[in-house]
Q: 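Would you mind keeping the following structure in view while I ask a few things?
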Amino acid sequence: MLYTKVCEDEQKKKYHLRYFLRIDSAECGTVYGAEIEKEEQGVTEREVQRGLSEQREEIEQFLFRLWEGTAFPVELAVLCDDFIAERENGRTVC
């Protein structure tokens, strides 16, 4: 886990958000991905996106952006699509 935060919704219910760096092996070597976990009253919601980059630092910076913006698991797929599009278009990803 790289980042964590405790948040509160409008009804004052607390929930935890955790942001994980995923490390997997592939034919080309090590690849990195992202995982977001939301835990609220014993119920855990999780989303994982594997194989986003071969560069660890790039995904660590991406995870920082997710943490900073309080991203939820349900948003991860779209945010990863944006991350990949930014990288492919040569724009700064962080």
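Atoms considered below: every heavy atom in the structure, side chains included; atoms not considered: hydrogens, waters and symmetry mates.
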Q: Please check if atom CD in Glu27 has more than 12 non-hydrogen atoms from other residues, nucleotides or ligands closer than 6.0 Å.
A: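 Not buried by this count: 12 neighbours or fewer within 6.0 Å.
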Q: Check Leu63 against Tyr19 and note the closest heavy-atom contact, atom names and distance.
A: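 Heavy-atom minimum between the residues: CD2-CB, 4.2 Å.
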Q: Indicate if Leu66 and Phe64 have the same hydrophobic cluster label, given that clusters are the connected sets of ILVMFWY residues with side-chain heavy-atom separations under 4.5 angstrom.
A: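 Hydrophobic grouping puts Leu66 with Phe64.
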Q: Which is it for Val74 and Glu47 under the side-chain contact (heavy atoms from CB on, under 4.5 Å) test, yes or no, and what are the steps along the way?
A: CA-CA 7 Å; Val74 69; Glu47 184 65 35; over 6 Å; no
Q: Mind checking the CG-CD spacing from Leu79 to Gln49? Nearest 0.5 Å is all I need.
A: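 Leu79 CG to Gln49 CD: 10.0 Å, rounded to 0.5 Å.
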Q: About how many Å separate CD of Glu39 and CD of Glu37, when rounded to the nearest 0.5 Å?
A: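 Answer rounded to 0.5 Å: 6.5 Å.
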Q: After noting the C-alpha distance and the side-chain angles of Glu35 and Arg46, does the key distance pass the side-chain contact (heavy atoms from CB on, under 4.5 Å) rule?
A: CA-CA 7 Å; Glu35 177 178 344; Arg46 175 181 294 123; 2.8 Å; yes
Q: Group every Ile, Leu, Val, Met, Phe, Trp and Tyr by side-chain heavy-atom contacts under 4.5 Å, then state whether Val48 and Ile84 land in the same group.
A: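 As far as the 4.5 Å side-chain criterion goes, Ile84 and Val48 are not connected within one cluster.
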Q: Between Arg87 and Glu58, does any side-chain N to carboxylate O distance fall below 4.0 Å?
A: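 Looking at Glu58 together with Arg87, the answer is yes, because their closest N to O distance falls below 4.0 Å.
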Q: Rounded to the nearest 0.5 Å, what's the gap from CD on Gln55 to CD on Gln61? Could you check?
A: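 Separation between the atoms: 10.0 Å.
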Q: Atom CD in Glu45, atom CD in Glu40: separation rounded to 0.5 Å?
A: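 So the gap between those two atoms works out to 9.5 Å.
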Q: So with a 6.0 Å cut-off around NZ of Lys14, is the heavy-atom count from everything else above 12?
A: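 Result for NZ/Lys14: open.
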Q: Can any side-chain N or O of Thr30 pair as donor or acceptor with the backbone N or O of Asp24 at less than 3.5 Å?
A: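 Checking the backbone N and O of Asp24 against the side chain of Thr30, no donor-acceptor pair under 3.5 Å is found.
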Q: Run the numbers on Phe20 and Arg18 for side-chain contact (heavy atoms from CB on, under 4.5 Å), then give the verdict.
A: CA-CA 7 Å; Phe20 296 89; Arg18 297 178 186 96; 3.6 Å; yes
Q: Between Phe62 and Phe83, how do the two ring planes meet: parallel, tilted or perpendicular, split at 30° and 60°?
A: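 Ring orientation of Phe62 relative to Phe83: tilted.
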Q: Less than 4.5 Å apart, side chain to side chain, heavy atoms only: is that true for Cys28 and Glu54?
A: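 They are in contact (side-chain heavy atoms under 4.5 Å apart), so the answer is yes.
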Q: Nearest heavy-atom pair of Leu17 and Cys7: which atoms, and what distance?
A: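 Answer, listing the atom of Leu17 first, then Cys7: CD1-SG, 4.0 Å.
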Q: What's the verdict on side-chain contact (heavy atoms from CB on, under 4.5 Å) for Glu75 and Ile36, showing C-alpha distance, side-chain angles and the deciding distance?
A: CA-CA 9 Å; Glu75 302 169 310; Ile36 301 175; over 6 Å; no
Q: Closest approach of Glu60 and Leu2, non-hydrogen atoms and distance?
A: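 Closest approach of Glu60 to Leu2: CG-CD1, 3.8 Å.
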Q: Going through the distances and angles, do Glu8 and Lys13 end up as a salt bridge (charged side-chain N to carboxylate O under 4.0 Å, His left out)?
A: CA-CA 5 Å; Glu8 196 172 80; Lys13 290 183 194 173; over 6 Å; no
Q: Validate the cation-pi geometry between Lys38 and Tyr15: distance from NZ or CZ to the six-membered ring centre under 6.0 Å, angle to the ring axis within 45°.
A: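 Yes, a cation-pi geometry holds between Lys38 and Tyr15.
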Q: If hydrophobic clusters are built by linking Ile, Leu, Val, Met, Phe, Trp and Tyr wherever their side-chain heavy atoms come under 4.5 Å apart, do Phe72 and Trp67 end up in the same one?
A: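 Cluster IDs for Phe72 and Trp67 match.
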Q: Do the side chains of Arg22 and Tyr32 get nearer than 4.5 Å, heavy atoms only?
A: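 Heavy-atom side-chain distance check fails, nothing below 4.5 Å.
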